[in-house]
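A quick note: this is a predicted structure, and the numbers were derived from the prediction, not measured. Side chains included, hydrogens not; waters and symmetry mates left out as well; all remaining heavy atoms used.
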Amino acid sequence: MENKTSSSNFIKHIVTEDLKAGKHDEIVTRFPPEPNGYLHIGHAKSIVLNFEIADEFNGRTNLRFDDTNPLKEDVEFVESIKEDVKWLGFDWDGLFFASNYFDEMYQRAVLLIKKGMAYVEDLSQEEIRALRGTLKEPGKESPSRSRSVEENLDLFEKMKNGDFQNGEKVLRAKIDMASPNINLRDPVIYRIAHTTHHNTGDEWCIYPMYAFAHPIEDAIEGVTHSICTLEFEDQRPLYDWIVEHCEMEATPRQYEFARLNLTNTVMSKRKLKQLVDENLVDGWDDPRMPTISGLRRKGYTPESIRNFCREIGVARAFSTVDSQMLEHFIREDLKLKAPRTMGVLRPLKVVITNYPEGEVEWLDAEINPENPEMGSRKIPFSREIYVEQEDFMEDPPKKYFRLFPGNEVRLKHAYFIKCEEFIKDEDGNVVELRCTYDPETKSGTGFTGRKVKGTLHWVEATNAKQAEFRLYEPLILEEEGDEGVEEKSFLDNVNPNSLQILKGYVEENMAHAKPQDKFQFFRHGYFNVDPKHTTREQLVFNQIVSLKSSFKL
């Protein structure tokens with residue numbers, strides 16, 4: 001794949017200088033997701049960064065699953081992550097699991113115990129937290145801290161053998177309870193979890209903590225640049241401590257960049273999972289979700305996401321990106337690719353009274369005016385058509401140029417029609433228009449007579465195919481705050497109108513549309529054929545994005 005890494009970012013500068021200084025013979029990066037949920041657009045930024053940095057410098061990138069917490073992990077998440085990375089256009093050089101290294105991690109923990117740098121703790125999680133101290137006050141040492149090496153080795157082996165219950169014991173690194181960095185105040189590095197692991201089954205009942213496992217994994221794989229987001233910056237001293245005192249042969253280095261934050265978007269897997277678990281969305285791949293699978297189902301292309309990630313760049317300063325910027329890139333990608341067609345989302349029937357009954361005429365229309373090489377298509381026209389309900393008003397205001405009694409408009413790709421009368425139902429709703437057409441005004445014949453100000457899209461009624469249209473608003477009404485936002489506040493911001501389902505019609509040639517086919521519907525925007533709910537009997541279209549935006553790069 002062509003490398004399009006942004007011309008400059010601080011990570012790229014670090015890599016360049018390291019190579020100049022001869023620190024590395026080969027650059028090795030990794031993308032290390034935890035398989036406890038689906039990837040989201042923030043992960044896409046990390047994927048693009050890690051894979052394209054290595055690619056630019058002829059290095060390697062590993063896909064590695066940090067599967068150290070079997071209570072939250074599942075094979076479903078593993079497979080979805082692999083699918084997302086592939087779909088984005090990247091191939092990993094190595095596929096690894098943290099669980100592949102559990103034996104070595106255990107031996108490294110034993111090494112720390114033998115060196116007097118780790119001990120088995122009896123205190124509960126709450127008691128450990130109470131002794132941890134604050135940013136202004138040092139922590140207090142646990143009574144377990146003074147245990148002998150021999151006792152710690154014996155207790156840790158019993159932990160491994162399943163002699164204790166969940167939460168009864170943990171293993172802590174012995175570092176410095178007075179450290180100004182709370183992460184160094186004897187952090188827990190192993191805990192007990194009597195549960196089946198997706199990869200190792202019931203082989204283990206103790207599992208390393210992420211902060212202990214991650215640097216060991218990087219070192220085993222020879223990762224040169226361990227790139228992560230800024231929330232891990234305070235853990236870098238612990239990362240370095242583990243690499244040093246576990247006596248790893250390789251010495252990876254951790255570098256942090258600002259994570260992606262989008263307006264009106266949840267960027268927390270925990271909160272995304274809550275939306276799924278409480279059935280507030282249609283699964284992890286709901287088109288309202290910022291997951292890669294949700295964006296794919298909505299109709300985003302891998303090219304648009306990669307281009308978006310490149311454009312926002314890599315920096316250390318915290319910032320929030322306008323979600324309209326992501327929409328800009330899918331518009332740019334689809335404007336030359338997506339066939340044009342017409343769909344009526346809120347149908348109003350029109351009978352053209354002077355058009356011959358039973359006759360169907362086939363008209364020419366360009367597939368994509370911005371890309372003439374895509375050719376043309378044929379669309380039917382007859383006495384009965386559908387237009388949008390909003391395209392008629394009985395008593396219109398000034399500067400309303402669509403249909404109203406006595407007014408004439410152009411039908412896209414067809415003729416001028418004039419509204420002569422309308423029919424209402426018992427409730428007073430307009431249910432049908434009676435119009436006449438001018439056969440001399442056929443589109444494409446060079447007609448240069450009178451002008452009209454309104455052009456409407458439409459669908460021929462007798463050949464039209466029924467369709468469902470799903471329109472989306474942001475799932476979150478306000479900008480998502482920090483991770484510490486209360487759950488109640490988070491759920492209060494969920495937009496009850498984020499999904500609107502409409503029943504309408506599309507052109508007859510859409511009967512052959514396949515899941516994930518993308519189209520531009522005149523006036524309505526870009527739509528994707530939903531791969532989850534579309535059937536032979538029912539087409540379902542997800543609106544990807546509207547046609548226009550005020551956003552500018």
[Y] backbone acceptor or donor facing [X] side chain under 3.5 Å:
{"X": "Arg185", "Y": "Arg132", "result": "yes"}
{"X": "Glu73", "Y": "Thr68", "result": "yes"}
{"X": "Thr134", "Y": "Glu137", "result": "yes"}
{"X": "Thr200", "Y": "Glu203", "result": "no"}
{"X": "Asn100", "Y": "Phe96", "result": "no"}
{"X": "Asp154", "Y": "Glu150", "result": "no"}
{"X": "Glu327", "Y": "Gln324", "result": "no"}
{"X": "Ser226", "Y": "Val223", "result": "no"}
{"X": "Asn9", "Y": "Ile11", "result": "yes"}

Query raised in the report: What pairs of residues pass the salt bridge (Lys or Arg N to Asp or Glu O under 4.0 Å) test when at least one of them lies in residues 280-296, not counting sequence neighbours?
Result: Glu83-Arg296, Asp84-Arg296, Asp282-Arg297, Asp282-Lys532, Asp285-Arg297, Asp285-Lys532, Asp286-Arg288
**Report entry** Pairs flagged by salt bridge (Lys or Arg N to Asp or Glu O under 4.0 Å) wherever residues 111-122 is involved - sequence neighbours left out
**Finding:**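 Sorted pair list: Lys115-Glu247, Glu121-Arg172, Asp122-Arg147, Asp122-Lys169.
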Test side-chain hydrogen bond (donor to acceptor under 3.5 Å, both in side chains) applied to [X] - qualifying residues, sequence neighbours left out:
{"X": "Glu217", "result": "Arg64"}
{"X": "Tyr101", "result": "Glu221"}
{"X": "Asp234", "result": "none"}
{"X": "Thr534", "result": "none"}

Report task. Flag the pair Asp67 / Glu34 as yes when at least one side-chain heavy-atom distance between them is below 4.5 Å, and no otherwise. Result ->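 No - every pair of side-chain heavy atoms lies 4.5 Å or more apart.
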Under 3.5 Å, is there a donor-acceptor pair linking the side chains of [X] and [Y]?
{"X": "Ser323", "Y": "Thr265", "result": "no"}
{"X": "Asp163", "Y": "Asn161", "result": "no"}
{"X": "Ser46", "Y": "Asn50", "result": "yes"}
{"X": "Glu151", "Y": "Tyr119", "result": "no"}
{"X": "Arg30", "Y": "Thr61", "result": "no"}
{"X": "Ser124", "Y": "Glu127", "result": "yes"}

Query raised in the report: Parallel, tilted or perpendicular: which fits the ring planes of Phe97 and Phe65, with parallel below 30° and perpendicular above 60°?
Result: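 Plane angle under 30°, so parallel.
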Report task. On the 0 to 90° scale, with breaks at 30° and 60°, tag the Tyr239-His214 ring pair as parallel, tilted or perpendicular. Result -> tilted
Requested in this report: Please check if the distance between the ring centroids of Phe156 and Tyr190 is under 6.0 Å.
Outcome: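 Yes - the distance between ring centres of Phe156 and Tyr190 falls below the 6.0 Å cut-off.
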Query - Pair His197 + Phe102: ring centers closer than 6.0 Å - result: yes
Report task. Kindly confirm or rule out a cation-pi arrangement of Lys518 over Tyr526, judged by NZ or CZ under 6.0 Å from the six-membered ring centre and within 45° of its axis? Result ->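 Geometry flag: not set, cation outside 6.0 Å or 45°.
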Query - Pi-cation contact, Trp92 with Lys82 (under 6.0 Å, within 45°) - result: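 Relative to the ring axis of Trp92, which defines the angle, Lys82 lies outside at least one limit.
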Report task. In sequence, state the C-alpha distance, the side-chain angles, and the governing distance for Arg145 and Asp186, and then conclude on salt bridge (Lys or Arg N to Asp or Glu O under 4.0 Å). Result -> CA-CA 9 Å; Arg145 204 174 196 267; Asp186 291 11; 2.6 Å; yes
Report task. Apply salt bridge (Lys or Arg N to Asp or Glu O under 4.0 Å) to the pair Lys174 and Glu141, showing each step before the final yes or no. Result -> CA-CA 10 Å; Lys174 185 188 290 187; Glu141 295 186 358; over 6 Å; no
Query - Full working for side-chain hydrogen bond (donor to acceptor under 3.5 Å, both in side chains) between Tyr210 and Asn69 - result: CA-CA 8 Å; Tyr210 176 86; Asn69 187 357; over 6 Å; no
